[in-house]
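Right, one structure below, let's go through it.
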Amino acid sequence: MVARRKVAVVGVALSDCGRVDDATPYALHAQAARRALADAGLDRSLVDGFASAGLGTLAPVEVAEYLGLRPTWVDSTSVGGSTWEVMAAHAADAIAAGHARAVLLVYGSTARADVRAGRRTGTLSFGTRGPSQFEVPYGHTLIAKYAMAARRHMIEYGTTIEQLAEVAVQARANAALNPEAMFRTPITVDEVLSGPMIADPFTKLHCCVRSDGGAAVLLVAEEYARDCRTSPVWVLGSGESVSHAAMSEWPDFTVSPAAVSGRLAFERAGVRPAEIDVAEIYDAFTYMTLVTLEDLGFCGKGEGGAFVAKGRLRVEGGELPVNTDGGGLSAQHPGMRGLFLLVEAVRQLRGECGDRQVRRGDGSPPRLAVASGTGGWFCSSATVVLGAG
């Protein structure tokens with residue numbers, strides 16, 4: 001039996017993000033990919049694995065062709081926001097087993113520019129076939145599903161709207177330290193609560209921003225890591241889980257599939273949640289952050305409100321800095337944000353984040369990070385544990 005190789009992330013990058021009116025999604029894919037390869041200091045000829053979703057009739061074939069790649073290992077898994085953590089897990093397994101030597105994960109979207117140009121509407125629809133046919137006629141939109149889940153948590157555990165608002169406030173505080181964040185002006189709990197209602201209990205600032213942008217991550221086998229210009233960040237463990245498609249099939253609105261993916265990831269990595277220095281968590285809505293923190297084991301079930309209310313998520317002075325770039329609530333959110341979580345986690349572990357850099361007690365960069373993506377309306381989750389080289 002062939003020994004499994006260790007797998008490292010050696011290149012990460014973002015394309016231009018925020019307001020990008022003069023680029024196509026393909027161009028953003030290419031820009032992020034070039035930057036990630038340059039970050040690693042590796043030639044694209046080494047890349048024999050490719051993963052992408054959300055663009056093209058034959059994703060990822062069209063995107064690979066656009067980038068000039070002819071991969072012998074591909075993945076086009078599409079499970080919403082957790083897609084990229086799933087792909088990272090699949091890529092790590094493929095590299096470890098010897099099926100690929102270097103896998104490039106790429107995403108790009110002009111979600112904001114398309115709405116402004118009238119190429120699409122602002123309403124996200126998953127169609128009316130299958131299980132959705134029993135919910136769509138009642139106006140059960142994507143955001144309404146998250147809002148219902150948040151309200152259930154408030155009823156079940158006494159979580160307050162002020163506590164949920166704190167998630168947005170602290171995300172914005174972190175974004176203020178990030179020169180690339182889309183929104184950097186500090187906000188207060190009162191400002192979150194007084195905004196226009198979108199779906200009870202969510203006002204506007206409880207919801208993610210709409211942006212353009214792309215990201216790329218390059219994973220390689222351990223023998224290639226020594227040739228890179230960056231310090232390797234090792235993939236220590238991962239986990240995946242799916243929960244439901246129809247809300248009526250979701251056993252408990254207060255538990256997300258991160259309860260399973262997180263447990264698996266930590267077990268496989270051989271670490272405990274208490275050892276994690278920084279967490280990058282999918283935050284399309286404030287409730288996602290709160291319930292994922294619970295389900296990953298950073299606090300007990302029902303304790304998320306009290307946990308976030310004490311400023312623990314901040315880069316400056318927080319016990320567990322979360323979404324250190326400002327997250328989807330303030331930095332950028334171009335449709336499916338899971339790949340951005342991995343980019344930020346790697347940069348934090350490499351100590352490259354400038355004013356928003358997290359430091360341990362001795363002043364050193366973090367040693368352990370977790371990236372946890374969520375797809376659909378808590379339909380899927382994937383969690384990846386990363387360790388500094």
Interatomic distance, [X] atom [atom1] to [Y] atom [atom2] [nearest 0.5 angstrom]:
{"X": "T159", "Y": "R152", "atom1": "OG1", "atom2": "CZ", "value": "11.5 Å"}
{"X": "F50", "Y": "L69", "atom1": "CZ", "atom2": "CG", "value": "6.0 Å"}
{"X": "L218", "Y": "L37", "atom1": "CG", "atom2": "CG", "value": "6.0 Å"}
{"X": "R101", "Y": "L46", "atom1": "CZ", "atom2": "CG", "value": "5.0 Å"}
{"X": "N323", "Y": "E344", "atom1": "CG", "atom2": "CD", "value": "8.5 Å"}
{"X": "R210", "Y": "H333", "atom1": "CZ", "atom2": "NE2", "value": "10.0 Å"}

Can you tell if the side chain of [X] reaches within under 4.5 Å of the side chain of [Y], non-hydrogen atoms only?
{"X": "D39", "Y": "R229", "value": "yes"}
{"X": "I95", "Y": "V220", "value": "no"}
{"X": "V370", "Y": "L386", "value": "no"}
{"X": "V192", "Y": "V169", "value": "yes"}
{"X": "I161", "Y": "L193", "value": "yes"}
{"X": "L293", "Y": "L320", "value": "yes"}
{"X": "P334", "Y": "Q332", "value": "yes"}
{"X": "P365", "Y": "Q357", "value": "yes"}

So, for [X] and [Y], which heavy atoms are closest and what is the spacing to 0.1 Å?
{"X": "C207", "Y": "F202", "result": "SG-CB, 4.1 Å"}
{"X": "A215", "Y": "L339", "result": "O-CD2, 3.1 Å"}
{"X": "R172", "Y": "P186", "result": "CG-CA, 3.8 Å"}
{"X": "S372", "Y": "A258", "result": "OG-CB, 4.3 Å"}
{"X": "M87", "Y": "A51", "result": "SD-CB, 3.6 Å"}
{"X": "P257", "Y": "S380", "result": "CG-C, 3.7 Å"}

Query raised in the report: Are L219 and F340 grouped together when hydrophobic residues (ILVMFWY) are joined by side-chain heavy atoms under 4.5 angstrom apart?
Result: yes

Requested in this report: Could you state whether F307 and I281 fall into the same hydrophobic cluster, counting links through intermediate Ile, Leu, Val, Met, Phe, Trp or Tyr residues with side-chain heavy atoms under 4.5 angstrom apart?
Outcome: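 Same hydrophobic cluster.
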
Report task. Taking the six-membered ring for Trp and the single ring otherwise, decide whether the centroids of F378 and F253 are under 6.0 Å apart. Result -> no

What I want to find out is whether [X] reaches [Y] closely enough, with some N-O distance under 4.0 Å, to be called a salt bridge.
{"X": "D212", "Y": "R116", "result": "no"}
{"X": "R263", "Y": "D295", "result": "no"}
{"X": "K301", "Y": "E156", "result": "no"}
{"X": "E319", "Y": "R312", "result": "yes"}
{"X": "R347", "Y": "D325", "result": "no"}
{"X": "D21", "Y": "R112", "result": "yes"}

Donor-acceptor pair, distance only, cut-off 3.5 Å: does the side chain of [X] make one with the backbone of [Y]?
{"X": "T230", "Y": "V10", "value": "yes"}
{"X": "E222", "Y": "R5", "value": "no"}
{"X": "R314", "Y": "A173", "value": "no"}
{"X": "R226", "Y": "E223", "value": "yes"}
{"X": "E135", "Y": "M247", "value": "yes"}
{"X": "D16", "Y": "G214", "value": "no"}
{"X": "Q170", "Y": "V167", "value": "no"}
{"X": "W250", "Y": "V255", "value": "yes"}
{"X": "Q163", "Y": "T160", "value": "yes"}

Report task. Would you please test T110 and D114 for side chain to side chain donor-acceptor pair (under 3.5 Å) and show each step? Result -> CA-CA 6 Å; T110 51; D114 289 348; 3.1 Å; yes

Report task. Assign the ring pair F298 / F266 to parallel, tilted or perpendicular, where the plane angle (0 to 90°) is split at 30° and 60°. Result -> perpendicular

Report task. Using the six-membered ring wherever Trp is involved, compare the ring planes of Y26 and Y66 and label them parallel, tilted or perpendicular (cut-offs 30° and 60°). Result -> tilted

Requested in this report: Could you go through the side chain to side chain donor-acceptor pair (under 3.5 Å) check for D190 and T188 one step at a time?
Outcome: CA-CA 5 Å; D190 286 343; T188 65; 5.3 Å; no

Which donor-acceptor pairs under 3.5 Å do the side chains of residues 234-244 make with protein atoms, sequence neighbours left out?
unit_1, atom_1, unit_2, atom_2, d
E240, OE1, H90, NE2, 3.4
E240, OE2, H90, NE2, 3.3
H244, NE2, W377, O, 3.1

Query raised in the report: How would you list, by chain and number, every residue that makes a ring pair (Phe, Tyr, Trp, His ring centres under 6.0 Å) with H153, sequence neighbours excluded?
Result: Y157, Y287

Report task. Could you give me the CA-CA distance, side-chain angles and deciding distance for T324 and E280, then say whether side chain to side chain donor-acceptor pair (under 3.5 Å) is met? Result -> CA-CA 7 Å; T324 49; E280 308 299 337; 2.8 Å; yes

Report task. Step by step, work out the salt bridge (charged side-chain N to carboxylate O under 4.0 Å, His left out) result for D48 and R70. Result -> CA-CA 7 Å; D48 58 354; R70 293 294 184 269; over 6 Å; no

Requested in this report: Please check if atom CD in Q133 has more than 12 non-hydrogen atoms from other residues, nucleotides or ligands closer than 6.0 Å.
Outcome: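 Atom CD in Q133 is crowded, with more than 12 foreign heavy atoms closer than 6.0 Å.
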
Query raised in the report: Is a side-chain donor-acceptor pair under 3.5 Å present for R350 with S231?
Result: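 Checked: S231/R350 side chains show no N/O donor-acceptor pair below 3.5 Å.
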
Query raised in the report: Can you find a side-chain donor-acceptor pair between T374 and S381 that sits under 3.5 Å?
Result: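 Side chains of T374 and S381: no pair found under 3.5 Å.
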
Report task. Mind running side chain to side chain donor-acceptor pair (under 3.5 Å) on T77 and T83 for me, showing each step along the way? Result -> CA-CA 6 Å; T77 298; T83 289; over 6 Å; no

Requested in this report: In sequence, state the C-alpha distance, the side-chain angles, and the governing distance for L177 and E316, and then conclude on side-chain contact (heavy atoms from CB on, under 4.5 Å).
Outcome: CA-CA 9 Å; L177 305 174; E316 296 181 332; 3.7 Å; yes

Query raised in the report: For D277, which of R360, R359, R367 qualifies under salt bridge (charged side-chain N to carboxylate O under 4.0 Å, His left out)?
Result: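 So the option named by the test is R360.
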
**Report entry** Distance under 6.0 Å and angle within 45° of ring axis: R337 vs Y282
**Finding:** no

